[in-house]
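A short worksheet on the structure shown next.
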Amino acid sequence: MDHERARSLFIEYRDEELAQELRFELEEHLRTCPDCRRDWEAYNETVTGVSALGRVKPPRDFVQKIERKIGRRSAGRFFGARNEFNLSFALVSFVLIVFFLLAYLFIASGREVRVIPRAGGGDTEAGPVTGGDTASGGPRREPSRLEEGGTEPR
Amino acid sequence: MDTLVERRLVRRLKARDPRAFEMLVERYQEPVLNFLYRMIGNRLEAEDLAQEVFIAVFKKIDSFRGEASLQTWIYRIASNDVKNRRKYMGRRPFDTLPPGIGADRAADDDGGSVMSTRPSRPDELLEGYQMERRIQRAIGELEEEQRLILVLRDIQNETYDSIAEITGLALGTVKSRLHRARLALKEKLDIGMR
């Protein structure tokens with residue numbers, strides 16, 4: 001086997017695709033030819049070095065970055081709807097929570113308002129219910145009527 | 001990927017199913033990004049281009065007929081895009097980013113080196129880093145077609161058949177160009193060591 005022929009077989013030799021007879025022939029040549037052996041070692045080392053190069057890892061938000069780009073370029077037709085939905089969902093949720101909170105406060109405060117007669121009788125005035133009003137031992141005042149949650153005294 | 005699973009994924013992609021697109025990106029992001037980085041030698045450019053490749057896949061999925069595998073088809077898009085990007089980048093030197101940016105960022109992001117076998121000692125780390133830079137630079141100096149075939153075969157571990165499909169070259173041409181690419185790279189690395 002001549003040197004050129006031997007070097008042309010390096011690719012198949014490395015891939016282990018050489019027919020057995022040809023492989024023996026090449027190996028015999030490499031044993032007896034220091035130049036070709038050196039060339040083979042350098043060739044093999046080069047391929048091994050390239051194959052050992054590290055893998056570059058994508059960033060964690062890679063998918064989201066692409067989706068955002070598609071969303072922008074398609075004017076929200078693709079990958080834009082979900083964000084809009086999320087935003088509107090959050091907004092509607094917030095408004096509903098505030099609404100129910102206000103409604104609850106309004107109803108709760110209205111239920112506890114009691115109409116208390118003025119000292120002079122006749123007219124009445126509204127005021128909050130206080131726990132000490134009846135328990136204080138002072139002159140007892142009869143409420144003339146209850147506006148909510150009660151009945152007229154008979 | 002299993003043929004049946006791939007066919008189902010393609011069907012969902014054609015129906016513009018967002019979850020299918022996420023699955024596609026998650027499945028192919030690493031090989032595509034790694035391929036582009038080794039072709040361009042610049043991490044930020046590679047990342048930007050990888051995004052464009054997946055956008056092109058999303059746009060062109062209706063034209064995918066399933067004659068080749070999905071991965072082969074994606075590589076074909078990526079290799080066309082990388083040629084265009086290289087033209088656009090013009091004669092800018094290969095891998096011009098200073099240390100700390102580019103490939104090194106992968107190490108920062110993931111807490112590991114970009115080298116697959118991480119040396120523990122600082123001198124080994126430096127040696128490995130320098131060797132990687134030298135190989136990457138030598139790859140960048142190869143002719144476009146040689147680089148493409150070398151990266152696909154020796155880094156991405158693609159078969160000769162799929163490389164022939166990606167490049168549109170005959171199998172014999174793929175092998176002879178790969179052989180020439182390896183010899184050229186060996187020469188460049190020898191020159192670098194002197």
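Each chain gets a letter, A, B and so on, in the order its sequence line appears, and its residues count up from 1. Quick caveat, the model's predicted, so the values are computed rather than measured.
Side-chain atoms of B/H179 come within 3.5 Å of backbone atoms of A/R7 as a donor-acceptor pair (strictly under, hydrogens ignored).
Counting only residues at least two apart or in different chains, salt bridge (charged side-chain N to carboxylate O under 4.0 Å, His left out) contacts with residues 167-182 of chain B comprise A/E17-B/K175, B/E145-B/R177, B/D154-B/R182.
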Notebook entry, point to check: Does the side chain to side chain contact (heavy atoms under 4.5 Å, CB included) test come out yes or no for B/E22 and A/E67, once each step is laid out?
Noted result: CA-CA 9 Å; B/E22 280 173 19; A/E67 288 181 346; 2.9 Å; yes

Margin query: Does B/E52 form a salt bridge (charged side-chain N to carboxylate O under 4.0 Å, His left out) with A/R73? I'd like the steps, not just the answer.
Written below: CA-CA 12 Å; B/E52 295 304 322; A/R73 289 184 194 176; 2.8 Å; yes

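With a threshold of 4.5 angstrom between heavy atoms, B/Y160 approaches chain A through side-chain atoms but not through N, CA, C or O. B/L24 does not touch chain A: none of its heavy atoms, backbone or side chain, sits under 4.5 Å away. For A/D39, the parts sitting under 4.5 Å from any heavy atom of chain B are the backbone and the side chain alike. Looking at B/L185, the atoms closer than 4.5 Å to chain A (heavy atoms on both sides) sit in the backbone and in the side chain alike. In this structure, the portions of B/A50 lying under 4.5 Å from any heavy atom of chain A include both its backbone and its side chain.
The aromatic rings of A/F79 and B/F21 are tilted relative to each other, their planes meeting at an angle between 30° and 60°. Note on ring orientation: taking the six-membered ring where Trp is involved, the planes of B/F54 and A/F62 are perpendicular (angle over 60°, cut-offs 30° and 60°). Taking the six-membered ring where tryptophan is involved, the planes of B/F58 and A/F78 are perpendicular, since the angle between them exceeds 60° and thus also 30°.
Linking ILVMFWY side-chain heavy atoms closer than 4.5 Å, directly or via other members, places A/F94 and A/L102 in a single hydrophobic cluster. Note: the hydrophobic cluster containing B/L171 also contains B/L169 (ILVMFWY, side chain heavy atoms under 4.5 Å, direct or indirect links). A/F24 and A/L30 are not part of a single hydrophobic cluster, where members link through side-chain heavy atoms under 4.5 Å apart. Using a 4.5 Å cut-off between side-chain heavy atoms of Ile, Leu, Val, Met, Phe, Trp and Tyr, with links allowed through other members, A/F99 and A/V92 fall into the same hydrophobic cluster.
The structure places CD of B/E132 at 5.0 Å from CG of A/L53, a figure rounded to the nearest 0.5 Å. The distance from the CG atom of B/L178 to the CD1 atom of A/I11 is 4.0 Å, given to the nearest 0.5 Å. Put simply, CZ on B/R16 and CZ on A/R77 are 8.0 Å apart, with the number rounded to the nearest 0.5 Å.
Side-chain contact between B/Q156 and A/R55: present, with at least one pair of heavy atoms (C-beta onward) separated by less than 4.5 Å. With a 4.5 Å cut-off on side-chain heavy atoms, B/R38 and A/V50 do not count as touching. Considering only heavy atoms from C-beta on, B/E47 comes within 4.5 Å of A/P59 through its side chain.
The environment of NZ in B/K59 is sparse: at most 12 heavy-atom neighbours from other residues, nucleotides or ligands sit within 6.0 Å. No more than 12 heavy atoms of other residues, nucleotides or ligands lie within 6.0 Å of CD in B/E143, so this atom counts as exposed by the packing criterion.
Side-chain polar atoms of A/K65 and B/Q51 form no donor-acceptor pair below 3.5 angstrom.
Other residues sharing a hydrophobic cluster with A/L101 under the 4.5 Å side-chain heavy-atom criterion for ILVMFWY residues do not exist; the residue is a singleton.
Contact count versus chain A (heavy atoms, under 4.5 Å) is highest, among B/N157, B/L150, B/V25, B/V32, for B/V25.
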